[in-house]
Amino acid sequence: MDFQLTEEQLAVQAAARDFAQNELWAGVIERDEHQKFPAEQIKKMGELGFMGMMVSPEYGGGGMDTVSYVLAMEEISKVDASCSVIMSVNNSLVCWGLEKYGTEEQKRKYLPGLTSGEIIGAFALSEPEAGSDATMQRTTAEDKGDHYLLNGTKNWITNGTTASVYLVVAQTNAEAKHRGINVLIVDKGMEGFVTGPKENKLGIRGSDTCSLMFTDVKVPKENRIGDDGFGFKFAMQVLAGGRIGIAAQALGIASGAYELSLKYAQERKAFGVPISQHQAIQFKLADMATNIDAARLLCLQAAHDKDAHQDYAKSGAMAKLFASKVAMDTAVEAVQIHGGYGFVKEYHVERFMRDAKITQIYEGTSEIQKIVISREILK
């Protein structure tokens, strides 16, 4: 067992940390307050290689391993979880899915722009009546010979209004149930495709989330990913990898809240001494540090399994389940340690608390992760 990171991995971690601290920190409260999409920051992330980290250099990507991706996600998330979820969707769901299962033509058409940050991708699975149960797709893709006719509504779509490329999951053959589902590449601007207004969210307010509406959208057959009926398997495969990204995001939120709490506890005085000298605060910090280290090990284990081409369904689900709980628990305690200051935006920890909650919900709720884990251990 080797717990040492390589020089390359350490360099990626340092670059992500420097970017987050120097480029993201200054305006993060304003972006959160005004639900401002971080367009300039995402463009720079693309230039630095953070938007297509695991994509082969042949298609403009960084050719990095999943461990490096987890390290970068943690550092970005320590400062701005809105930027990190945009990064996660683009890397884990869109770029990875296209490179793994797309045709050569699809890869050469879309990946260079996605990896450079010139364009952004979105993944459209959830519907008003199909969240955790992904088999219940109401969006339809009717086979018309040389094209599909796409109709339906998707909701909770990250990067919804800003993406240029959408991977849309739709039902082609209802009788075949999940084996009749396909995933289609839909370009912004296709006739009949419109985006709804941005959702007014509790957290990750800098990222844009909206509904997508499709009315007789004509999607060419060459925009289908994989064979006919491959869509459900595609969705499950990309979500399994996406869980690692969201686990790393949750880890970063927890780490960010912890680091602010540690600093504050050493500066804030009560009863004549820094509050870090009071056992009540020391125990909170001890729990935070222990849980964060445990979550980090789970994230790195899942990343290692993926890089080693081993089955990462269980390790990825465990990482997301545990890291998201640690994010929520740590952020709540961070507010408590800050006392009244924790309740105001200036000190950041209330934002971490709001951002943490979604990590227990999207890309598979905590309850769904328990289903995945129990299914794997009972095999």
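Count residues from 1 along the sequence. When reading the values below, keep in mind they use all heavy atoms of this one structure, side chains included, and skip hydrogens, waters and symmetry mates.
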Checking salt bridge (Lys or Arg N to Asp or Glu O under 4.0 Å) between Glu23 and each of Lys44, Lys43, Arg17, which is the one that passes?
Lys44

If you compare all heavy atoms of Thr153 against all heavy atoms of Glu127, which two are closest, and at what distance to 0.1 Å?
O-CG, 3.4 Å

Given 3.5 Å as the limit, does a donor-acceptor pair link the side chain of Lys188 with the main chain of Thr161, or not?
yes

Report yes or no: do Asn223 and Gln106 form a side-chain donor-acceptor pair below 3.5 Å?
no

CD1/Ile225 to NZ/Lys100 distance, rounded to the nearest 0.5 angstrom?
13.5 Å

Thinking salt bridges, do Lys221 and Asp143 make one under a 4.0 Å N-O criterion?
yes

Please confirm whether the backbone N or O of Ser276 pairs with a side-chain atom of Gln282, one donor and one acceptor, at under 3.5 Å?
yes

Please find the pair of heavy atoms, one from Ala313 and one from Val372, that lie closest to each other, and give the distance.
O-CG1, 3.8 Å

Counting only N and O atoms by type, is there a donor-acceptor contact under 3.5 Å from the side chain of Asn151 to the main-chain atoms of Thr140?
no

Name every donor-acceptor pair, under 3.5 Å, that has one atom in a side chain of residues 235-243 and the other anywhere in the protein, sequence neighbours excluded.
from, atom 1, to, atom 2, distance (Å)
Arg243, NE, Gln369, OE1, 3.1

So does Ser84 get a backbone contact from the side chain of Ser88, meaning a donor-acceptor N/O pair under 3.5 Å?
no

Using atom types as modelled and distance alone, determine if a side-chain donor or acceptor of Asn159 lies under 3.5 Å from a backbone N or O of Ala122.
no

Do any N or O atoms from the side chain of Ser56 and from the backbone of Tyr59 form a donor-acceptor pair under 3.5 angstrom?
no

Checking Ser68 side chain against Met64 main chain: does a donor-acceptor pair fall under 3.5 Å?
no

Closest non-hydrogen atom pair between Asp208 and Gly160, with its separation:
OD2-N, 3.2 Å

With a 3.5 Å distance limit and no angle check, can you tell me whether Asn91 reaches the backbone of Met87 through a side-chain donor-acceptor pair?
yes

Which heavy atom of Phe123 sits nearest a heavy atom of Val94, and at what distance?
N-CG2, 4.3 Å

Assess the residue pair Glu222 and Arg224 against the criterion (salt bridge (Lys or Arg N to Asp or Glu O under 4.0 Å)); give the C-alpha distance rounded to whole Å, side-chain angles, the decisive distance to 0.1 Å, and a yes or no.
CA-CA 5 Å; Glu222 58 262 30; Arg224 187 185 73 204; over 6 Å; no

I'd like to know if the side chain of Asn173 and the backbone of Gly180 have a donor-acceptor N/O pair within less than 3.5 Å.
no

Carboxylate-amine/guanidinium proximity below 4.0 Å for Glu30 and Lys345
no

Inter-residue atom distance His178.NE2 - Thr135.OG1, 0.5 Å rounding:
8.5 Å

Enclosure of Glu129 CD (heavy-atom neighbours >12, cutoff 6.0 Å)
no

Spell out, as yes or no, whether a donor-acceptor pair under 3.5 Å connects the side chain of Gln171 to the backbone of Ala141.
no

Salt bridge between Asp355 and Arg205, side-chain N to carboxylate O under 4.0 Å?
no

Pairwise side-chain contact, Tyr264 with Ile275, heavy-atom cut-off 4.5 Å (strictly under):
yes

Identify, with sequence neighbours excluded, every residue that meets ring pair (Phe, Tyr, Trp, His ring centres under 6.0 Å) alongside Phe37.
none

Result of checking Lys201, Arg351, Arg354 against Asp32 for salt bridge (Lys or Arg N to Asp or Glu O under 4.0 Å)
Arg354

Regarding Lys109 and Glu105, does a basic nitrogen lie under 4.0 Å from an acidic carboxylate oxygen?
no

In plain terms, say whether Arg108 and Glu104 are close enough for a salt bridge, that is, a side-chain N and a carboxylate O under 4.0 Å apart.
yes

Ring pair (Phe, Tyr, Trp, His ring centres under 6.0 Å): pairs with one or both residues in residues 134-170, sequence neighbours excluded
Tyr166-Phe193

What I want to find out is whether Glu99 reaches Lys107 closely enough, with some N-O distance under 4.0 Å, to be called a salt bridge.
no

Salt bridge between Asp293 and Arg296, side-chain N to carboxylate O under 4.0 Å?
yes

Taking atom CD as the centre, does Gln21 end up with more than 12 heavy-atom neighbours from other residues, nucleotides or ligands that are less than 6.0 angstrom away?
yes

